[in-house]
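We name chains A, B, ... by the order of the sequence lines, and we start the count at 1 in each one.
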Amino acid sequence: MGLYRVVAVVSLKKGLKDPEAETIQKDLVLRHGYSAVKEVRVGKQLTFLVEAESPEEAISYVKEMCDKLMIYNPVIHELYVTLHA
Amino acid sequence: MGLYRVVAVVSLKKGLKDPEAETIQKDLVLRHGYSAVKEVRVGKQLTFLVEAESPEEAISYVKEMCDKLMIYNPVIHELYVTLHA
Amino acid sequence: MPLNREEVEEIRSILGREPTIEELAMFEAQWSEHCSYKSSRRLLKLLPTTGRSVLIGPGRDAPAVEVFPGIAVVFKIESHNHPSAVDPYNGAATGIGGIVRDILTLGAKPIALLDMLYLGDPRDGRARWLVKGIVRGISDYGNRIGVPTVAGDAWFDSSFNTQPLVNVACVGIARTEELVRCRPASGDLILVIGNPTGRDGLLGSSFASKPLSDNPSEDIGAVQVADPLMEKMLIDSIAELVQRKLVKFIKDLGGGGLTTAVAEVAADFELGAELRLDELHLRTELTPLEILVSESQERMMIVISREKLEDVAAVLKKYDVPGSVVGFFDRSGRIRAYYKNGLVADVPARELAKPRDIKRSSKPPVELVKLLNPVGDLPEVPVSEALDSLLSSPNVASKRWIYEQYDHEVGVRTVLKPGFGDAAVLRLDDSRGIAVKGDANPRYTAIDPFNGAANSVAECYRNLVAVGSTPVAFVDEPNAGNPEKPEHFWYFEMIVKGIAWMASELGVPVVGGKVSFYNEDYRGRQVKPTATIVGVGAVEDVSKVKTMDLKYEGSAILVVGHTYPELGGSEYLARVHGIEAGGVPAPRPSSELRNASYVAKLIDRGVALSVHDVGLGGLAVAIAEMAILGGVGVELYLERVPCRGCSRLDEVLFSETQGRYVVEVRLEEVGGALEVASASGVTAAVIARTTGSKFFTARWGSTTVFEKGLDYLRELYEDGLRKYMV
Amino acid sequence: MPKIAILKFPGTNCDEDVLRSLKEVDSGVKAEIVWHKDFRVGGGWDAVIVPGGFSYGDWLRAGAIAARSRAMRELAEATTRGVPVLGICNGFQILVEAGLLKGAFLPNESGRFICRWVRLRIDNPKGPWLSLTRSGDELHMPVAHGEGRYYIEERDYESVVSSSPILRYLPSDNPNGSSYNIAGIGTEDGYVLGLMPHPERAVNSLLAPRGFKPGGEVIFKSVLHSLKPGW
Ligand SMILES: Nc1ncnc2c1ncn2[C@@H]1O[C@H](COP(=O)(O)OP(=O)(O)O)[C@@H](O)[C@H]1O
Ligand SMILES: [Mg+2]
């Protein structure tokens, strides 16, 4: 058994208006002149410390949990699960 | 010039109470029996699509931006900036 | 502020030996300015604290007044200036948390919050970041705990760019006989309930008792993350504990943490206490010292008799509120703290809780004299443009951007909502209610702290009167600089004296408050010293409450009170001429009283259709606001304004003479209204009439001074603050 | 008299308001605040109201944690037995998160919490909560939410638009940018209804600001009327 840090990122599907990202982008580009920024996206990152036999198992454990517990809402969200670097 | 996807993660400094993470762990994860999860942490993930000369430049550009814009508060948050995998 | 050498010496002599590090930490927390009032107590004694309605005056966590027979209002004010300067979101949020817990200590139900914010220039990046964080912090916390934020005050001034003032107040109600007022007795158990204790907020109150360090990120220990969900569970569980009469005494674990809570109760009731520090529920492992002084948020101390323990535990379990029995009171008069069977502290409660007063020297700063000099000849400016500039000043403009972020309706009590009148009104039962409002004018107090503070009291009084309530009591919060600097301490002294004087003259007690010192920026410059006053008024019939929006076309507009050429310290001078000086408007308590009772009569007899007090920006701004909000046009005849000594148009329009009101009255009632005025020696005159034209027009005789469309003015008023916040 | 449960979660904060307002509408009403741990399908409830607030702090997402709770499983069971359920604000969010109503919630388009009075119009009034209203009626009440932008996919919308009760903000009044100006929506039979605005804050004209009428009263009157035996 080992401990693995698994990261789940929940972000809005493309096409859905994301006020937070828009505000940041507006502020960045308009007010501060950071015009090299072409796009901003905001997501929520959940990091789970999981006890598992293997990294693969840890990941699939978290994936299953995210589905079952609806950590994300598939109607509006994308979920992306990886092992912590 | 190239386009780089840079990810900035803002999370509460270690040692600070994280009520959101604690509630998720206690009232969602553990209540539904996912007891292999030993710890939950929550952060905000910002992804910037940046035009830059090099990946290094893109990263340092984003770092500077996050400081200037006070996207996070160094008093309570830690910021972690990487290139998108 | 760490203990100084004399204080350590005094601790040695109190104990008769070398203190342990735990004991030193306890003294440091308890003797901090924030907890001990060592610099301020002498002066605070000047405040009038008694009156027929006062049930509990200063001394407890919160005072209580009886607004109607059998109905008590518990209310209190608090500052969270320093935490908000380094972490605006959590700083402001935990300020709300703290003030709500003060109200819970008497077993009252919190029904309203107020936030009085003195903020930086919204054009400044850091100031704006602070503003947004502070408002969001209050919004997220207040909204989540289900207590409506119904009123407040907001002021923008570059003096607050790095050190804002965040003053918050909470109002609670209870039946008088149900207030929790028992005495804890020897043998009673001490429980700490709520959040597990952590290292966060370690020595926060000594942090609030010193200037900000120039590297704010070093103050991590003093930063606390707000947990509104736990606060809500505390509110709910305490309500049940109180309702089932399971607790004898409740105290907030605030500044100074466990040490202060236990020491103050022991000292007040001539008890001692034995504590088992290892029994406390913790978030991380802590040393006994840390346990004693941690200021982790969302914790309360409750005192119960032993036989109630099982019932109490069941209630806590129902709400999933963690708790632990950390000790009991005894007759020893000493606080003895054990950790894993070792005695780590043994100090006399009384000496710990009540350090000796410090007499601070006080001296008016020399530059002040210049400020008070009369302002020389002002260049003539077009008054029409001046009005635009005033209406769009963030200080005057609509605060909608702020109060719309607050749930001001939860509780189904908010009869008069923010933005509609001079104070908020909450209904209690079917017909009765209370009015609440908080006020300050940092510019007045910075120029002339005595008169400025007196004017804050008077303004709060007027705001309560204008909506149709009878002022019952105030709480106050002087925000001053470093008490060790005589030039800073002088402001504090003058503020307290000004408050005490005006409150006494008005016959309204100041039943409690809080003191905030060390409001300096990192260069040691005092921010504008500010006297914040929060008042509560009684409303007999909430259906008679008055808003300030004009109601009908064809009614008369009355001004109550004389206008004097008092432009000193005014918004007009600052905004239009860039001058922050001059003698501030004179406080005139006897005309305040006379005019207030006249306005109250007009409201009571149903003669007044709408009422607004004259404040920042003077008469022109007051009338413009009424017209904008009501969407009703006005024709103002300036030559009819009762003035004394005014020689210029801008004086008539923008003077901030105190004690004035604008009242809309039905045409056919004017005669009667004026008769009552002259019978009671009140100056009142019809100065305008409402029209169907959607214009605000001002004339002097046959000349038109200005004529402005209401939509145009509304845009200025609505956008003045909002435009900076997008 | 029918028995109404007001379901309370940690962080629910409009439970007492709903109770007070129900009593204002009908002083004889039998309504009770029920702590989530004590809520059972078999409790003999004739209707259930899930009030507003911030259940479990609204952490993760508004309503998400409460939606997975045991009490909500009981409630879902109750709906299959035809017990009328009303979700107000956070209650609506919980019902949607629990899958009892279609759609999803997003943060307000302004990015800020908003508290203000709005005007709504009713389409396809059906079921016990709207029994005394007619199509096209205008109702006024306040909203107070930060994550109130109701979102529904187009095909789902097509499937409900002509059959289910829908409350819409007047287009000039949409406070959050919701799809199709939706403020509230019900199941096809209208037995389960959710809405973001707070009817309990609008049962008394004393609390309505100038220009608004208290539009929440009719919702409570409707359910009391509908629950009368013989309806
Ligand atoms: N910080 C704030 N929070 C909530 N409401 C506020 C705040 N600042 C101002 N308000 C509200 O905006 C309205 C106007 O406030 P203010 O300009 O201070 O009035 P006045 O000049 O009568 O004292 C009032 O309803 C007040 O309660
Ligand atoms: Mg006023």
| field | Contacting moiety of A:V9, where chain B heavy atoms sit under 4.5 Å | value | side chain

| message | Please rank A:M65, A:Q25, A:E51 by heavy-atom pairs under 4.5 Å with chain B and give me the top one. | response | A:M65

| said: How long is the straight-line distance from NZ of A:K68 back to NE2 of B:H32, given to the nearest 0.5 Å? | reply: 11.0 Å

| Which region of A:S35, side chain (C-beta onward) or backbone (N, CA, C, O), has a non-hydrogen atom less than 4.5 Å from a non-hydrogen atom of chain B, or is it both or neither? | backbone

| field | Side chain, backbone, both or neither of B:L69 within contact of chain A (heavy atoms, under 4.5 Å) | value | side chain

| message | Between A:K14 and A:E39 (salt bridge meaning N to carboxylate O under 4.0 Å), is one present in this structure? | response | no

| task | Spell out, as yes or no, whether a donor-acceptor pair under 3.5 Å connects the side chain of A:Y61 to the backbone of A:A52. | result | no

| query | What part of B:V7 lies closer than 4.5 angstrom to a heavy atom of chain A: side chain, backbone, both or neither? | reply | neither

| message | If you count heavy-atom pairs within less than 4.5 Å of chain A, which of B:V62, B:T47, B:V6, B:V50 leads? | response | B:T47

| task | Would you confirm whether the ring centroid of B:Y4 sits within less than 6.0 angstrom of the ring centroid of B:F48? | result | no

| remark: chain B shares the most heavy-atom pairs under 4.5 Å, among A:R41, A:E64, A:M1, A:R5, with A:R41

| remark: Separation between CG (B:L79) and NZ (B:K13), nearest 0.5 Å, reads 11.5 Å

| field | Nearest atoms (heavy-atom pairs only) where B:I71 meets B:V10 | value | CG2-CG2, 4.4 Å

